[in-house]
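Notes to accompany the following structure.
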Amino acid sequence: MDFNGKTVVITGGATGIGFAVAKALGGDGSRIVIGEPRREKLDEAAEALAKLGIDCLAVECDVTDLAQVEALADAAWERFDRVDVVMNNAGVGMPFSTVMESSLDDVRAVFDVNFFGVWYGCRVFGQRFLEQDGEAAIYNTGSENSLFLSDPNIAAYAASKHAVLALTEALREQMPDRIHVGLIMPGFVSSEMTAEVAHLGMDADVYAAKVVEQMRNDEEFIVSHPYHMVHVQDRYDRLSRAYATYAPRYEGDDEHDYRTLLPKLMGEA
């Protein structure tokens with residue numbers, strides 16, 4: 001995708017990764033719409049983007065409220081007549097805790113933003129992209145924790161990001177070819193979420209440059225930190241050993257495979 005002249009909506013776009021991507025895409029000539037529930041952060045980001053000469057619309061939006069996500073879309077289309085890309089990026093963390101000791105209210109709050117907020121964005125913008133002519137793209141911000149567990153004490157966060165992976169994969173298959181669907185999988189990046197140890201993370205602008213390069217190439221999985229493959233491979237190896245030991249391949253072993261049987265199941269339905 002050539003981003004020059006395109007309209008890009010970014011939730012959680014006032015700080016961190018979202019803001020860094022807004023600057024990078026705005027520098028490519030995109031018109032930027034940022035959604036953020038905190039007015040002061042929104043105003044700071046809008047002012048900074050304007051100083052860079054970026055055409056920006058800033059809209060208060062809490063992604064846990066479907067009506068506010070609809071209002072964000074309404075504002076974007078009203079201002080720019082069309083939207084070409086949405087980046088469902090808003091996310092939150094929670095205090096480190098064991099599964100047994102975690103506050104269930106905190107767990108639900110994480111899922112409300114990290115999963116349902118992404119689902120709302122996919123639903124609202126996806127439907128409008130289907131009704132709008134031309135190509136479009138939906139990018140969901142997952143995490144390294146979409147692929148593996150970076151820390152055992154962030155189970156709720158990791159589970160929400162695993163869920164975003166599944167949502168994104170399903171949406172990709174459901175959308176027509178003209179609507180691209182991708183998953184952004186940041187690792188440790190300097191942001192509000194990592195403020196206390198931000199100096200140890202990848203610079204957000206450096207990370208955004210990696211993201212935008214892959215968005216230009218319509219990649220499905222947007223990656224960054226090379227060492228992630230060590231953890232991905234470890235999970236794959238453990239799975240492979242389990243299958244090799246207890247469910248080894250054999251001729252005709254697709255007899256109960258859902259994907260293989262799907263045409264028959266649909267016919268029977």
Side-chain angles (χ1 to χ4, degrees), residues 7-22 25 32-38 59-76 83-94 106-130 136-150 154-175 179-187 189 191-193 207-208 211 214-215 219-224:
T7 300
V8 181
V9 176
I10 304 175
T11 65
T15 60
I17 290 171
F19 180 63
V21 171
L25 290 178
I32 303 296
V33 181
I34 55 174
E36 159 68 46
R38 298 166 298 178
V59 181
E60 286 187 47
C61 178
D62 178 352
V63 297
T64 67
D65 184 339
L66 179 58
Q68 291 193 40
V69 179
E70 291 277 12
L72 173 66
D74 287 342
V83 171
D84 302 285
V85 180
V86 63
M87 179 177 170
N88 295 305
N89 170 74
V92 296
M94 66 176 284
D106 286 347
V107 172
R108 291 189 181 94
V110 166
F111 267 82
D112 279 345
V113 177
N114 293 3
F115 178 65
F116 286 106
V118 173
W119 191 299
Y120 292 164
C122 290
R123 177 170 175 156
V124 169
F125 286 88
Q127 183 58 46
R128 296 184 188 218
F129 288 162
L130 289 171
I138 299 171
Y139 288 96
N140 297 331
T141 300
S143 166
E144 60 186 326
N145 287 281
S146 295
L147 302 177
F148 57 86
L149 185 64
S150 66
I154 59 168
Y157 179 83
S160 72
K161 295 300 186 176
H162 271 59
V164 170
L165 168 62
L167 167 61
T168 306
E169 292 281 77
L171 184 65
R172 180 181 296 120
E173 294 196 37
Q174 294 167 358
M175 283 296 185
I179 301 176
H180 177 71
V181 179
L183 180 69
I184 300 170
M185 298 179 291
V189 176
S191 68
E192 273 193 328
M193 196 179 297
Y207 177 71
V211 169
Q214 294 169 74
M215 291 173 74
E219 296 293 349
E220 294 181 358
F221 298 107
I222 294 184
V223 299
S224 54

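Small disclaimer: the values here were computed from a predicted structure and weren't measured.
- For the pair M87/I17, a side-chain contact is recorded, criterion being any heavy-atom separation below 4.5 Å from C-beta on.
- For the pairing with L183, the side chain to side chain contact (heavy atoms under 4.5 Å, CB included) check across T168, T141, I222, L147 returns one residue only, T168.
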Subject >> From CA spacing to verdict: side chain to side chain contact (heavy atoms under 4.5 Å, CB included), I10, V21 >> reply: CA-CA 9 Å; I10 304 175; V21 171; 4.1 Å; yes

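- Counting only heavy atoms from C-beta outward, the side chains of L165 and E169 approach each other to under 4.5 Å.
- Not a single side chain to side chain donor-acceptor pair (under 3.5 Å) links D112 to another residue, sequence neighbours left out.
- Among all heavy-atom pairs drawn from P186 and S224, the shortest one is CA-OG, 4.4 Å.
- The structure places CG of N114 at 11.5 Å from CG of N140, a figure rounded to the nearest 0.5 Å.
- Side chain of Q68 to backbone of D62: a donor-acceptor contact under 3.5 angstrom is found.
- In this structure the side chain of H180 never reaches within 4.5 angstrom of the side chain of M175, judged on heavy atoms.
- Between F19 and I34 there is no side-chain heavy-atom pair separated by less than 4.5 Å.
- Once rounded to the nearest 0.5 Å, the distance linking CG of L167 with CZ of R172 reads 10.5 Å.
- Proximity of F129 to V83: side-chain heavy atoms (C-beta onward) are separated by under 4.5 Å at one or more points.
- Within 6.0 Å of the CZ atom in R38, the count of heavy atoms belonging to other residues, nucleotides or ligands exceeds 12.
- Remark: T11 OG1 to E36 CD distance equals 9.5 Å, nearest 0.5 Å.
- Atom CZ of residue F111 and atom NZ of residue K161 lie 10.5 Å apart, to the nearest 0.5 angstrom.
- Summarising the geometry of A158 relative to L149, their closest heavy-atom pair is CB-CD1, 3.4 Å, with the distance given to 0.1 Å.
- Rounded to the nearest 0.5 angstrom, L25 CG and I32 CD1 are separated by 5.0 Å.
- Within the model, atoms OH of Y139 and SG of C122 stand 13.0 Å from one another, a figure rounded to the nearest 0.5 Å.
- Nearest heavy atoms, M94 versus A156: SD-CB, 3.3 Å.
- For the residue pair V9 and A76, the shortest heavy atom distance occurs at CG2-CB, 3.9 Å.
- Side-chain contact between Y120 and D65: absent, with no pair of heavy atoms (C-beta onward) separated by less than 4.5 Å.
- A heavy-atom distance below 4.5 Å is not found between the side chains of V8 and D84.
- A salt bridge does not link R123 to E70: none of the charged side-chain nitrogens sits closer than 4.0 Å to a carboxylate oxygen.
- Between W119 and L171 there is no side-chain heavy-atom pair separated by less than 4.5 Å.
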